[in-house]
Amino acid sequence: MAKAKASELDWNKLGFGYRDLPYSWQEEYYDGEWLGGGLTSESNLVLNEAAQVLHYGQEVFEGLKAYRTKDGKVQLFRPEENAKRLNDSADRLMMPHYPVDKFLAAVKAVVKANEDFVPPYGTGGTLYLRPYMIGTQPLVGVTPSEHFVFRVYATPVGAYVKGLTPMPYVLSKYDRAAPAGTGRAKTSGNYAASLLPEMEAKKAGYADALYLDPKEHKYVDEFSGANFFGVTKDGQFVTPKSDSILPSITKRSLLQVAEDLGLNPVEKRLTLADLDDLAEAGAMGTAAVISPVGSLTDWDGKKHVFYSETEVGPVTTKLYNALFAVQVGDAEDKHGWVVPVD
Ligand SMILES: *Cc1c(COP(=O)(O)O)cnc(C)c1O
């Protein structure tokens with residue numbers, strides 16, 4: 001695959017595809033220690049055919065973005081939270097930690113080395129960063145790998161969806177995670193499990209499937225790659241509390257933003273009946289910040305319509321604008337979330 005050229009990109013039509021950029025970061029782990037990392041222009045990996053990750057799935061990953069500000073600078077949003085979460089995921093998958101300071105240095109180095117690919121302010125585009133770690137030891141028996149590779153690649157992406165457009169969602173009959181499984185870890189296996197439910201939902205005309213808690217199928221969990229929130233008629237910002245969902249950094253940030261905006265932030269178990277109290281609903285994650293949920297069709301075919309199937313609600317709009325303004329440097333960073341790349 002040929003390397004991308006920044007001069008050939010149309011910043012307003014980036015989409016969400018992979019582009020092969022000049023530099024990635026790589027560090028290998030061997031005999032209990034990290035061997036020293038650095039930038040590499042090689043974007044292909046050579047793995048033994050028996051590498052642990054290919055058969056037994058030892059993989060953890062992160063997703064974050066570099067944002068171009070109005071004055072042309074580049075900044076990250078809460079990257080140390082990604083570093084810590086990578087290590088939490090690694091614990092569950094029996095993988096080594098990648099030290100937080102090294103994670104931050106790696107991410108910054110990749111942004112700087114590919115700075116021409118950070119889209120201009122105002123285009124809605126960002127430089128998406130994908131840190132990840134895989135088990136590379138050749139193994140036949142099912143055991144944790146003792147060799148690992150940590151890498152970070154970058155690719156420019158457009159606004160996930162242009163503007164805030166409500167979409168129809170459907171309640172999934174599948175589970176994405178098990179009750180005491182890997183739902184809290186950001187690991188590829190959860191995504192493999194969500195492919196069929198997501199594609200079936202899309203074929204049926206929905207944007208994605210919403211999962212219930214895998215133990216009782218009574219409480220709302222989350223989407224395949226985003227957490228769920230609702231705004232109640234009496235001004236609560238509610239989001240599910242569950243042991244099988246991925247702790248979204250966007251969720252944690254919006255809980256704070258909601259409080260700043262005078263809403264009452266609440267994390268609690270949310271039943272399907274509770275959905276009828278919601279005036280607005282949305283999906284939240286790094287990719288889109290917020291995707292408004294226009295409607296949710298449940299197992300009985302009952303359609304819960306939130307604010308409107310075609311128009312985004314006022315609170316969702318306020319939450320989105322407030323958080324995105326901090327991410328691109330238009331609003332004051334009251335909570336110390338922004339990290340400049342200099
Ligand atoms: C990454 C992810 C999210 C969103 O997390 P952010 O930190 O907000 O990007 C939500 N759910 C799942 C399953 C995820 O993998």
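In listed order, ligands and their atoms are each counted from 1. By convention here, the first residue in the shown sequence is residue 1.
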Checklist entry - For ligand 1, is there an N or O atom under 3.5 Å from any N or O atom of I249? => result yes

Item to check | Close approach of R176 to ligand 1, heavy atoms, under 4.0 angstrom | outcome: yes

Checklist entry - What protein heavy atom sits nearest atom 13 (C) of ligand 1, and how far off is it? => result S224 O, 3.2 Å

Checklist entry - Going through the checks in order, is the side chain to side chain contact (heavy atoms under 4.5 Å, CB included) test met by M284 and I249? => result CA-CA 9 Å; M284 46 189 175; I249 296 161; over 6 Å; no

Next on the checklist: Whether R68 and E115 form a salt bridge (side-chain N of Lys/Arg under 4.0 Å from carboxylate O of Asp/Glu) is what I want to check.
Outcome noted: yes

Checklist entry - Do Y169 and F223 have ring centroids that are under 6.0 Å from one another? => result yes

Checklist entry - Nearest to atom 3 (C) of ligand 1, what protein heavy atom do you find, and at what distance? => result G225 O, 3.4 Å

Checklist outcome for this item: atom 11 (N) of ligand 1 sits nearest the protein heavy atom E222 OE1, 2.6 Å

Next on the checklist: With a 6.0 Å cut-off on the ring centroids, do F61 and Y132 count as close?
Outcome noted: no

Checklist entry - Any Lys/Arg nitrogen of R176 or E222 sitting under 4.0 Å from an Asp/Glu carboxylate oxygen of the other? => result yes

Checklist outcome for this item: Atoms of ligand 1 under 4.0 Å from any heavy atom of N227, numbered from 1 in the order shown, are 10 (C), 11 (N)

Checklist entry - Would a line drawn from the ring center of Y153 to the ring center of Y128 be shorter than 6.0 Å? => result no

Next on the checklist: With a 6.0 Å cut-off on the ring centroids, do Y98 and F103 count as close?
Outcome noted: no

Next on the checklist: Between E81 and K84, does any side-chain N to carboxylate O distance fall below 4.0 Å?
Outcome noted: yes

Checklist entry - R85 heavy atoms, cut-off 4.0 Å: which ligand 1 atoms fall inside? => result 5 (O), 6 (P), 7 (O)

Item to check | atom 15 (O) of ligand 1 - nearest protein heavy atom and its distance | outcome: Y191 OH, 2.5 Å

Checklist outcome for this item: When distances are taken from atom 9 (O) of ligand 1, the protein heavy atom at minimum range is T286 OG1, 2.5 Å

Checklist outcome for this item: Among A226, S89, G285, closest by heavy atom to atom 10 (C) of ligand 1 is A226

Checklist entry - What protein heavy atom sits nearest atom 1 (C) of ligand 1, and how far away is it? => result K186 NZ, 1.4 Å

